[in-house]
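For reference, the structure discussed in these notes is given below.
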Amino acid sequence: FLVVSCIGDFRNTVGVWKRFSDFEELSRKVATEHDGYCLSGEDHDNEVLPNAVTSWRLLKKRQRWFRCLDAGYLSLKVFLLERFLHDILFESSSPKIISDFISSNSGHAIERSSP
């Protein structure tokens with residue numbers, strides 16, 4: 001999945017290819033199944049991210065047990081992944097969680113150059 005991030009103006013747009021397993025790893029960092037807490041920052045303050053937890057659970061509920069290339073299913077999956085990232089971004093007090101996800105080594109970055 002291509003995750004596009006823009007920090008500041010459009011000249012700082014970065015696209016990173018992420019696998020579904022990268023999103024699963026992010027979900028483990030964001031929340032536990034039971035309490036919906038996130039360990040964020042270096043001081044490990046607990047943040048409550050209930051909408052992100054709900055979005056992830058909804059995505060997992062809709063997930064197929066096998067690889068499916070049906071356009072409708074892939075469209076729904078992309079929407080739910082986008083909603084998950086959206087909820088993390090808006091519920092978190094810092095963009096660190098998302099920026100760490102974008103800058104992790106598991107993806108292949110594509111930087112947009114200015115004209």
Working for side chain to side chain contact (heavy atoms under 4.5 Å, CB included), residues Lys29 and Glu25: CA-CA 6 Å; Lys29 289 179 182 177; Glu25 183 180 329; 3.7 Å; yes
Qualifying residues under ring-ring contact (aromatic ring centres under 6.0 Å, His included), relative to Phe79, sequence neighbours excluded: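 For Phe79 there are no ring-ring contact (aromatic ring centres under 6.0 Å, His included) partners, ignoring immediate neighbours.
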Rounded to the nearest 0.5 Å, how far does [atom2] of [Y] lie from [atom1] of [X]?
X      : Y     : atom1 : atom2 : result
Asp100 : Ser94 : CG    : OG    : 8.5 Å
Trp56  : Leu85 : CH2   : CG    : 9.5 Å
Ile98  : Ser92 : CD1   : OG    : 8.0 Å
Leu58  : Phe84 : CG    : CZ    : 12.0 Å
Leu76  : Leu81 : CG    : CG    : 9.5 Å
Glu91  : Leu49 : CD    : CG    : 5.0 Å

Sole candidate of Val14, Val16, Ile102, Thr13 that passes side chain to side chain contact (heavy atoms under 4.5 Å, CB included) when paired with Val4: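 It is Thr13, the one option of Val14, Val16, Ile102, Thr13 that forms the side chain to side chain contact (heavy atoms under 4.5 Å, CB included) with Val4.
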Full working for side chain to side chain contact (heavy atoms under 4.5 Å, CB included) between Gln63 and Tyr73: CA-CA 9 Å; Gln63 187 178 9; Tyr73 171 70; 3.9 Å; yes
Test side chain to side chain contact (heavy atoms under 4.5 Å, CB included) applied to Phe23 and Val3, step by step: CA-CA 11 Å; Phe23 286 93; Val3 178; 3.8 Å; yes
Where at least one partner belongs to residues 64-78, residue pairs that pass salt bridge (Lys or Arg N to Asp or Glu O under 4.0 Å), sequence neighbours excluded: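 For residues 64-78: none.
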Linked, directly or transitively: Leu80 and Leu74 (ILVMFWY side chains, under 4.5 Å):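 Looking at the clustering, Leu74 is in a separate group from Leu80.
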Side chain Ser75, main chain Gly72, donor-acceptor under 3.5 Å: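 Pair absent, no side-chain N/O of Ser75 close to backbone of Gly72.
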Backbone of Arg19 reached by a side-chain donor or acceptor of Asp22 within 3.5 Å: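 Looks like yes, one N/O pair under 3.5 Å.
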Counterpart residues, side chain to side chain donor-acceptor pair (under 3.5 Å), relative to Ser55 (two or more places apart):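 Side chain to side chain donor-acceptor pair (under 3.5 Å) check on Ser55 returns Arg83, Asp87.
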Those residues that, when tested against Glu24, pass side chain to side chain donor-acceptor pair (under 3.5 Å) (two or more places apart):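 By the side chain to side chain donor-acceptor pair (under 3.5 Å) rule, Glu24 matches Lys60.
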Test side chain to side chain contact (heavy atoms under 4.5 Å, CB included) applied to Val78 - qualifying residues, sequence neighbours left out: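 Only Phe1 meet the side chain to side chain contact (heavy atoms under 4.5 Å, CB included) criterion with Val78.
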Derivation of the side chain to side chain contact (heavy atoms under 4.5 Å, CB included) call for Ile88 and Phe101: CA-CA 11 Å; Ile88 292 170; Phe101 177 68; over 6 Å; no
